[in-house]
Each structure stands twice: as structure tokens, then as C-alpha cells.
Amino acid sequence: MTYQMTRTFLLFLLIVYAILGFLSRFSRGHELYPFFSWKLFDTVPNVRNEFLIKITSLGEKIISPPVYYLDRKEFISPFSSSASLVQRKINALVRAYRNKNAQDFEQGKRAIENSFTLPISYDVVETRFIPLEFLKNRSIIRETTLFSVTQ
Amino acid sequence: MKIIQHIVNRWLIRESSLPKVESLAENNEVITTVVSNIGLISFSIILIVLEIASMWDRFISRTDFYPVPFLFWSKYLAYPQFLELITACILLFALIGAMLYRSRLGHLCSFLALALYQSMILSFGGSVHQTYPFLYATFLFLFLPDLSHTSLSNTENRKKTILLFIGAQAFLLLFYTMSGVEKIIEAVFQTMRGEISILHPTGMSMLLSDWSIFTLKEPMFIHYILNFPLIGWLGMIAVVYLETFAITILFKPELQKIWGACLLLFHVSTIYSMNVAFFPFLLLINALLLSSPFTLSSKSNKLLLTRLPLIGKIFRLLHIL
């Protein structure tokens, strides 16, 4: 390839990347391999609507009042070291519960059990909170218990 | 199209202080630095792909392996055999690439090592965008001529070598610009919806608190930012500026070392504030910006300030400097 051709090719590649990279912001994970939108840490979650689990017993120990699993992170299995992974499992469990799918529900329960190093009983709650306030003092705007799971 | 042409002419070309490739090609010092930096990039690939060794236990025990098309041949082998073969290939290619960085075979090996590494991570559902700048740099280097002394006595080869190195710089800087533009777009949308955006004084502390909740991490500096949101706000403003105008630095070589140092500081600060390490970016910033061969003879700090994108223009208009 001559120098002139290389120059044109390079310019073409940069333009193609800029366009396809930008368009990949609309795809899952903002990525269309090998293009990525570089849409990183750009959105501030003002309010979160999340399903969380509140642990009522851990191993042989009764936890009263129940605590969010986020406050017992030392018992989260190393294979689920990020809460986002546990969140995915909780969301799947709630989906199965709402769809009345017994098989998926049992599978979801097992997946959550495997996320902890000790057997747990828990309530699944629907919450709405402001992340900053939640992190500082666990303050919640709204919380509703959906169902309970016992060991 | 005319608007884009106007922006390119007014903001990039007219402001450009990058010497012509023809004159850069005549400078032996520039050529020597470009070649050694290409060698540095080839060596860095070893450091990246070595991650596989530390992930070996996880790979061997995992069952959720869905090969991407590039790894179609995995179905002809038993999984453990495939894993051993691909790991050996990746490491071998990376080593050959680093050792023969002056030859075209070396460039091909470096590219293959990275492409196989990315394919493997993708087949496990992982994310590889952190290594994209390397993928693009090694892809461009496939078009490099032989970098032997004999070959580089040819002017056309010297010009092509410099051009492709500038291309690798352009991709790295483009990625930062895209990230900065995305942040501005989202900030505008969030503000229009009446929400707090990353450009709001409490935006960074909100973002960090959410990040901390769902990653279960408490980075070293997070409490400072949560308790003094102004620190995070100033940091975010600086990062958005640094990222958005990154591409303009391609045309202002005198700022490349400073920009590289600031980007390095940015990545180090995200380790302490978010536990997010863009490790491959650090290696590439070093090879392409901090050790830039195009940085002109040292200019006064005052003159450098006037060359800063946007801010420099304001300084000049107000006759501050």
C-alpha cells in the first residue's frame, strides 16, 4: 500500500469507527464488536428502583431486624463478588415469582443460595431509594415486601 | 457536511502545529523514537495477555463457554485441549511479536495474540473494550513496512511508519473524545429532564455512591468525595475537558506529553476513587503520548497555556497571557 493510500485508508477507518462507535450506544452493552461507544460513567442514577433481599437468618443465626444483603457482604461467595451479579439473580427470582413459574423460581432460589457462603432465609423487597442517601444511612423512600424464602 | 468541514478546518487544521509527515520523516531522532515506541507497544501485549495465566482456574472450571466465530475451530477439540492450545498460541504469538517487533511477521503475531485473547474473553461473556486501543494499534501496524535499518532508509517507508504511528495516536485520542462527548450529551439530556447530571456539583458523589453500592467496593478516596462533593465535581469537569478535547492534541504535539500525564493522573485517580483500573490504557498512553516523538522543543509554560484547547483561545481573546 502506498503512502497516499495508507493516508486515505486511515482517515476512512477513523470516520467509520466514529460513526459505528457512536451508533453502538444503542446496542446491548454499548458494544458492537469491535466497536464501542465509550459511553462510560455518563449517567447519574438519581433514584433507584431495585429488588433487594433482606436476610432474616444466616446459618443458624436469626437476624432481627432483617438486614440488606449488602450489609453482609462478607458472606457473599467469591464467585459473586459484585452485587450486580447478585442483583441479576434476584431480578430473575422476582420474574419467576411474578410469572408463577415454579421451575424457574426453584432455580432462582438455588442461584441465590449459591451466592452466599452460609444458608440464608430472606425477604424479597421492592425498594425505591436515592443512592447517596442509601449508602450513607440506608434511608429508603419506599419499601414493600413481596415474599419470603426460608431455609 | 459543511459544518464538519468548518469545524475540522477551524479547530483542527488551522490550529495545527504538527509538522508535515515529510519533514518528520527526515528526522532520524523521530524515526528512532517511533520504532522503539512500536517495540514498547508490542512488548505491552505480553503484559495484557498474561492475564490469562491468572484467570486459568476460572477458565478451566467454567462451563459457560460460547465461542465467537473466530474460534469456530474449538468444536474440533475437547475443551481442556482447546484451552491449553489457545493459551499457548496467545502467549507464543505475543512473545514472537515482542521479539520481532521490527518485522512484519512480528506485527502479525502481535495482532493475532490480541485478537485471540479478545475472542477468548468474549467467548466467556467478558468485556474487552479496555484493550480496543491496542487492537486498533496492532491492526494499523499490520500495514507497517519492515522496520529494519535498510528498509527505513527508504523515504516512503519512513513516511508510512510515522503516519501509522500517528494513526494509533488518533484512535486512542478519538476514544477519549467519544467518551467526553457521550458524557456531555447525557448531561444535557439529564438536565433537560430536571435530573442531577455528572456536571452538577453533586453529580460525581451520586454516581460514586451508586457505583459503590453495586460493586460492594469502598475505594480509598470515596469518603472524601462523598463528604466534599466539590472535589468530585471539579475532578469530573477536568475529566470531561480532558476527554472531549483529546483528539485536538493530535494536531498540537507540544501538548502531547502534558495530556498524557493528565490522562495518566486521571486513570490513577479512578483506581483510588472507583477501583476502576484501565490498565491497558496506561501502557498505551505511555508509548503514544508520554513518550511522543513529536513533542517540539520545549516551549515556555505561558505559551503552552495559550495552546490549550478552548481555554487557550479564551486566554488569547482576553489578552490574559
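Lettering of chains follows the sequences in order, A, B, ..., and the numbering in each one begins at 1.
With a threshold of 4.5 angstrom between heavy atoms, B/I213 approaches chain A through its backbone and through its side chain. Residue B/Y176: no heavy atom, backbone or side chain, is found under 4.5 Å from chain A. For chain A, no part of B/I184 is nearby; none of its heavy atoms comes within less than 4.5 Å. Using a 4.5 Å cut-off between heavy atoms, B/F189 does not touch chain A at all. For B/V276, the part lying under 4.5 angstrom from a heavy atom of chain A is the side chain only. At a 4.5 Å heavy-atom cutoff, the contact between B/I198 and chain A is made by backbone and side-chain atoms alike. Using a 4.5 Å cut-off between heavy atoms, B/L140 touches chain A through its side chain atoms alone. Proximity to chain A is limited to the side chain of B/F143, based on heavy atoms less than 4.5 angstrom apart. With a threshold of 4.5 angstrom between heavy atoms, B/Q190 approaches chain A through side-chain atoms but not through N, CA, C or O. The part of B/Y132 that comes within reach of chain A is its side chain, from C-beta onward, which places non-hydrogen atoms under 4.5 angstrom from that chain. Contacts of B/M204 with chain A are absent, with no heavy-atom separation under 4.5 Å from either backbone or side chain. Looking at A/F129, the atoms closer than 4.5 Å to chain B (heavy atoms on both sides) all sit in the side chain, from C-beta outward.
A/Y69 contributes atom OH, which lies 6.5 Å from atom CG of B/L216 (distance to the nearest 0.5 angstrom). To the nearest 0.5 angstrom, A/K73 atom NZ is 10.5 Å from B/K217 atom NZ. A/Y3 contributes atom OH, which lies 10.0 Å from atom CG of B/L164 (distance to the nearest 0.5 angstrom). Separating the CD atom in B/E156 from the CE atom in A/M1 is a distance of 12.0 Å, to the nearest 0.5 Å. Distance CD1/B/I222 to CG/A/L135: 6.0 Å, rounded to 0.5 Å.
Enclosure of atom CZ in B/F228 is not indicated, since only 12 or fewer non-hydrogen atoms of other residues, nucleotides or ligands lie within 6.0 angstrom. Residue A/E60 places its CD atom among 12 or fewer non-hydrogen atoms of other residues, nucleotides or ligands, all under 6.0 Å distant. Summarising the local packing, CD of A/E143 is surrounded by more than 12 heavy atoms from other residues, nucleotides or ligands at distances under 6.0 Å.
Contact between B/S209 and A/P131 at its shortest, heavy atoms only, is OG-C, 3.7 Å. Of all heavy-atom pairs spanning B/L226 and A/K136, the tightest one is O-NZ, 3.9 Å. Contact record, B/K183 with A/F41: CE-O, 3.9 Å, taken as the closest heavy-atom pair.
Between A/W38 and B/F278, a ring centre-to-centre spacing not shorter than 6.0 Å is recorded.
Residues satisfying the side chain to side chain donor-acceptor pair (under 3.5 Å) test with A/N101, not counting sequence neighbours, are A/D104.
Listed options B/L163, B/I185, B/T177 were ranked by heavy-atom pairs under 4.5 angstrom with chain A; first place goes to B/L163. Contact tally against chain A (heavy-atom pairs below 4.5 Å) for B/V181, B/L122, B/L135, B/V68: the top residue is B/L122.
Across B/H129, B/E243, B/E182, a single residue satisfies side chain to side chain contact (heavy atoms under 4.5 Å, CB included) together with A/L40, and that is B/H129.
Listed in order of number, the residues of residues 5-17 of chain A that approach chain B to under 4.5 Å between heavy atoms are A/T6, A/R7, A/F9, A/L10, A/L13, A/L14, A/Y17. Taking non-hydrogen atoms and a 4.5 Å limit, the residue list of residues 22-35 of chain A in contact with chain B, ordered by number, reads A/F22, A/R25, A/E31, A/Y33, A/P34, A/F35. For a heavy-atom cut-off of 4.5 Å, chain B lies close to A/D42, A/T43, A/V44, A/P45, A/N46, A/R48, A/E50 in residues 42-59 of chain A.
A donor-acceptor pair is defined here as one N or O able to donate and one able to accept, closer than 3.5 Å; no such pair exists between the side chain of A/K39 and the backbone of B/M178.
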